[in-house]
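As structure tokens, the structure follows; a few thoughts come after it.
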Amino acid sequence: AHAASFALIAHATAWLKCHYPAEFTCALLNAQPMGFYAPATIVEDAKRHGLIVRPVDVQVSTWDCTLESCPQSAGSFAVRMGLRYVKGLGESDWRRIEDARRIAPFVSLADFVRRTELDQGALRALAEAGAFEGFGSFGAAQDKLDRRMALWEALGSEAQATSLPTVVQETSPAFTPLGAAEEIAWDYRRTDHSPRGHPLAPLREELKAQGLVDARTVASMRHGSRVRCAGLVICRQRPGTAGGVTFMTLEDETGFVNIVLWPNVFKRHATLAKTATFLGVTGTLQAGQGVVHLVAERLWQPTLHTDLATAPSRDFH
């Protein structure tokens with residue numbers, strides 16, 4: 001009975017993911033926290049399957065994730081991330097945004113600050129999450145409002161809204177725009193995921209220079225191949241029926257690598273195996289009948305020239 005129930009759930013899940021990818025992804029994200037995979041993994045897998053995931057935006061996002069018509073996206077819908085994913089923003093803050101937006105759309109960041117009356121903590125959280133990018137910079141013809149400038153404008157507007165009216169002419173500071181890796185890092189810091197990119201994507205050339213192959217390449221290699229790869233640890237499992245064997249999954253911008261750790265290897269690298277969020281693995285590939293595993297022989301900590309954004313892994317459930 002248990003096997004039959006599991007098979008039915010697996011079949012229905014696979015069918016929904018195949019035929020209704022946007023609806024399936026949106027529902028999973030709105031049901032968090034639940035299940036085996038973290039939101040960052042759900043978002044990245046959806047993007048790899050052709051689904052467009054759009055970031056939080058105070059002008060259009062609701063509290064939950066929603067669907068937006070998009071012919072270019074898998075299933076003809078894009079997923080708009082909900083403001084519930086912004087750490088530091090509460091439902092009471094969302095209700096202020098919703099009430100103000102119901103009266104009239106926001107025409108500028110200053111208008112948003114004035115009408116929502118959010119405190120500095122909420123404004124900082126939204127700015128760092130990139131939720132103000134749609135306003136553009138000081139009305140200029142720019143695609144988005146850079147987050148450093150958004151912080152400056154939001155906190156400055158909040159201070160003006162709580163002080164006596166004055167006429168002050170100030171020169172706007174010139175902030176260095178965030179690079180691709182920085183944008184992703186800010187996303188992870190505030191939302192634990194990034195619609196804008198995977199943390200390893202901007203670092204791929206650096207990883208290639210170290211002789212590290214990506215997950216897509218690993219999946220195409222022959223049985224018995226020697227492999228050196230690195231990725232974000234998204235889960236660790238040690239089933240009671242596996243005789244002490246530990247299974248790990250590494251993720252990069254191209255997919256997943258399944259790692260098998262025999263007890264002696266786990267014991268030799270116990271600290272890294274238990275705690276590393278970004279892990280290097282050397283081992284031998286086992287491939288057959290469409291299933292690929294990397295049997296680890298050594299674990300190590302890759303060296304990068306920048307801090308890496310990561311999300312919490314799901315461990316030993």
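Heavy atoms only: backbone and side chains are in, while hydrogens, waters and symmetry mates are out. In this chain, residues are counted from 1 in sequence order.
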Query raised in the report: Do side-chain atoms of Thr217 reach the backbone of Val213 as a donor and acceptor pair under 3.5 angstrom?
Result: no
Query raised in the report: Do Leu279 and Met248 have side-chain heavy atoms sitting under 4.5 Å apart?
Result: yes
Query raised in the report: Ignoring hydrogens and geometry, is there a side-chain-to-backbone donor-acceptor pair from Gln32 to Leu28 under 3.5 Å?
Result: yes
Query raised in the report: Can a salt bridge be assigned to the pair Asp93 and Arg96 using a cut-off of 4.0 Å between side-chain N and carboxylate O?
Result: no
Query raised in the report: Is Arg268 atom CZ crowded by more than 12 heavy atoms from other residues, nucleotides or ligands, each under 6.0 Å away?
Result: yes
**Report entry** Leu285 side, atom CG; His293 side, atom NE2 - distance, nearest 0.5 Å
**Finding:** 10.0 Å
Query raised in the report: Do the side chains of Val43 and Leu29 get nearer than 4.5 Å, heavy atoms only?
Result: yes
Requested in this report: To the nearest 0.5 Å, tell me how far Trp63 CH2 sits from Ile97 CD1.
Outcome: 8.5 Å
Query - Heavy-atom pair of closest approach, residues Met81 and Pro55 - result: CB-C, 4.3 Å
Query raised in the report: Heavy atoms, side chains only, cut-off 4.5 Å: are Leu261 and Phe247 in contact?
Result: no
Query raised in the report: Considering only heavy atoms from C-beta outward, does the side chain of Lys267 approach that of Trp262 to under 4.5 Å?
Result: no
Requested in this report: Tell me yes or no: between the side chains of Arg238 and Thr246, is some donor less than 3.5 Å from an acceptor?
Outcome: yes
Query - Heavy-atom donor-acceptor pair, Thr25 side chain to Ala22 backbone, under 3.5 Å - result: no
Query raised in the report: Under 6.0 Å between the ring centres of His193 and Tyr85?
Result: yes
Query raised in the report: Do Val107 and Leu123 belong to the same hydrophobic cluster, where Ile, Leu, Val, Met, Phe, Trp and Tyr are linked whenever their side-chain heavy atoms lie under 4.5 Å apart, directly or via other members?
Result: no
Query raised in the report: Given side chains that start at C-beta, do those of Ile234 and Leu250 come closer than 4.5 Å, heavy atoms only?
Result: no
Query raised in the report: From Leu83 CG over to Leu89 CG, what is the distance, rounded to the nearest 0.5 angstrom?
Result: 6.0 Å
Query raised in the report: Got Leu151 and Arg148 here, is their nearest side-chain heavy-atom distance under 4.5 Å?
Result: no
Requested in this report: Indicate the ring-plane relationship of Phe135 and Phe112, choosing parallel, tilted or perpendicular according to the 30° and 60° boundaries.
Outcome: tilted
Report task. Mark yes or no for whether Ser225, through its side chain, and Arg222, through its backbone, hold a donor-acceptor pair below 3.5 Å. Result -> yes
Query - Spacing of Thr62 atom OG1 and Asn30 atom CG [to the nearest 0.5 Å] - result: 7.5 Å
Query raised in the report: Any salt bridge between Glu23 and Lys17, counting N to O under 4.0 Å?
Result: no
Query raised in the report: Does atom NZ of Lys87 have more than 12 heavy-atom neighbours from other groups under 6.0 Å away?
Result: yes
Query raised in the report: Is a side-chain donor or acceptor of Arg190 paired with a backbone partner of Ala127 at a separation under 3.5 angstrom?
Result: no
**Report entry** Candidate pair Glu153 and Ser108, rule side chain to side chain contact (heavy atoms under 4.5 Å, CB included), full reasoning
**Finding:** CA-CA 10 Å; Glu153 288 192 45; Ser108 66; over 6 Å; no
Query raised in the report: Is there a chain of hydrophobic side chains (I, L, V, M, F, W, Y, each step under 4.5 Å between heavy atoms) that links Leu145 to Val60?
Result: no
Requested in this report: Flag this pair as yes if the NZ/CZ of Arg236 is under 6.0 angstrom from the six-membered ring centre of Phe266 and inside a 45 degree cone about the axis; otherwise no.
Outcome: no
Requested in this report: Using a strict cut-off of less than 4.0 Å between a Lys/Arg side-chain nitrogen and an Asp/Glu carboxylate oxygen, indicate whether Asp252 and Arg204 qualify as a salt bridge.
Outcome: yes
Requested in this report: State yes or no: do Tyr37 and Phe6 share one hydrophobic cluster built from I, L, V, M, F, W and Y residues joined by side-chain heavy-atom distances below 4.5 Å, directly or via other members?
Outcome: no
Query raised in the report: For the side chain of Arg95 and the backbone of Gly90, is there at least one donor-acceptor N/O pair under 3.5 Å apart?
Result: no
Query raised in the report: Could you walk me through whether Ser194 and Tyr188 pass the side chain to side chain contact (heavy atoms under 4.5 Å, CB included) check?
Result: CA-CA 6 Å; Ser194 178; Tyr188 269 76; 3.7 Å; yes
Query raised in the report: Does Lys47 come within less than 4.0 Å of Glu44, counting only side-chain N to carboxylate O?
Result: yes
Requested in this report: Work out which heavy atom in Glu183 is nearest to a heavy atom in Glu133; give both atom names and the distance.
Outcome: OE2-OE2, 4.1 Å
Report summary line: Heavy-atom closest pair (Val292 atom, Asn258 atom, distance to 0.1 Å) is O-ND2, 3.7 Å
Query raised in the report: Linking I/L/V/M/F/W/Y whenever their side-chain heavy atoms sit closer than 4.5 Å, directly or via other members, would Val260 and Val291 fall into one cluster?
Result: no
Query - Donor-acceptor contact below 3.5 Å, side chain Gln237 vs main chain Thr249 - result: no
Report task. Write down the atom of Leu51, the atom of Ser73, and the distance for their closest heavy-atom approach. Result -> CD1-OG, 3.3 Å
Query raised in the report: Hey, quick one: are Val56 and Ile52 part of the same hydrophobic cluster, counting side-chain heavy atoms closer than 4.5 Å, chains of contacts allowed?
Result: no
Query raised in the report: Going through the checks in order, is the side chain to side chain contact (heavy atoms under 4.5 Å, CB included) test met by Val227 and Val218?
Result: CA-CA 8 Å; Val227 176; Val218 172; 4.0 Å; yes
**Report entry** Smallest separation among heavy atoms of Leu109 and Ala150, with atom names
**Finding:** CD2-O, 3.7 Å
Query raised in the report: Any side-chain heavy-atom pair from Val281 and Arg298 closer than 4.5 angstrom?
Result: no
**Report entry** Pairing of Asp187 and Arg147 as salt bridge, 4.0 angstrom limit
**Finding:** yes
Query raised in the report: Do you know the tightest heavy-atom contact between Leu207 and Phe278?
Result: CD2-CZ, 4.1 Å
Query raised in the report: Side chains of Glu297 and Thr284: do they bring a donor and an acceptor to under 3.5 Å?
Result: yes
Report task. Answer yes or no: is there a donor N or O on one side and an acceptor on the other, between the side chain of Arg196 and the main chain of Ile184, under 3.5 Å? Result -> no
Query raised in the report: Is it true that His11 and Trp15 have ring centroids separated by less than 6.0 Å?
Result: no
**Report entry** Salt bridge present between Arg114 and Asp111 (N-O < 4.0 angstrom)
**Finding:** yes
Report task. Dump the intermediate steps for side chain to side chain contact (heavy atoms under 4.5 Å, CB included) on Leu272 and Gln301, then the final yes or no. Result -> CA-CA 8 Å; Leu272 278 177; Gln301 187 71 61; 3.5 Å; yes
Query raised in the report: Are any of the side-chain heavy atoms of Cys26 and Arg80 separated by less than 4.5 Å?
Result: no
Query raised in the report: When rounded to the nearest 0.5 angstrom, what is the spacing between CZ in Arg189 and CD in Glu182?
Result: 10.0 Å
**Report entry** Approximate separation, where rounding is to 0.5 Å, of Arg124 CZ and Leu118 CG
**Finding:** 14.0 Å
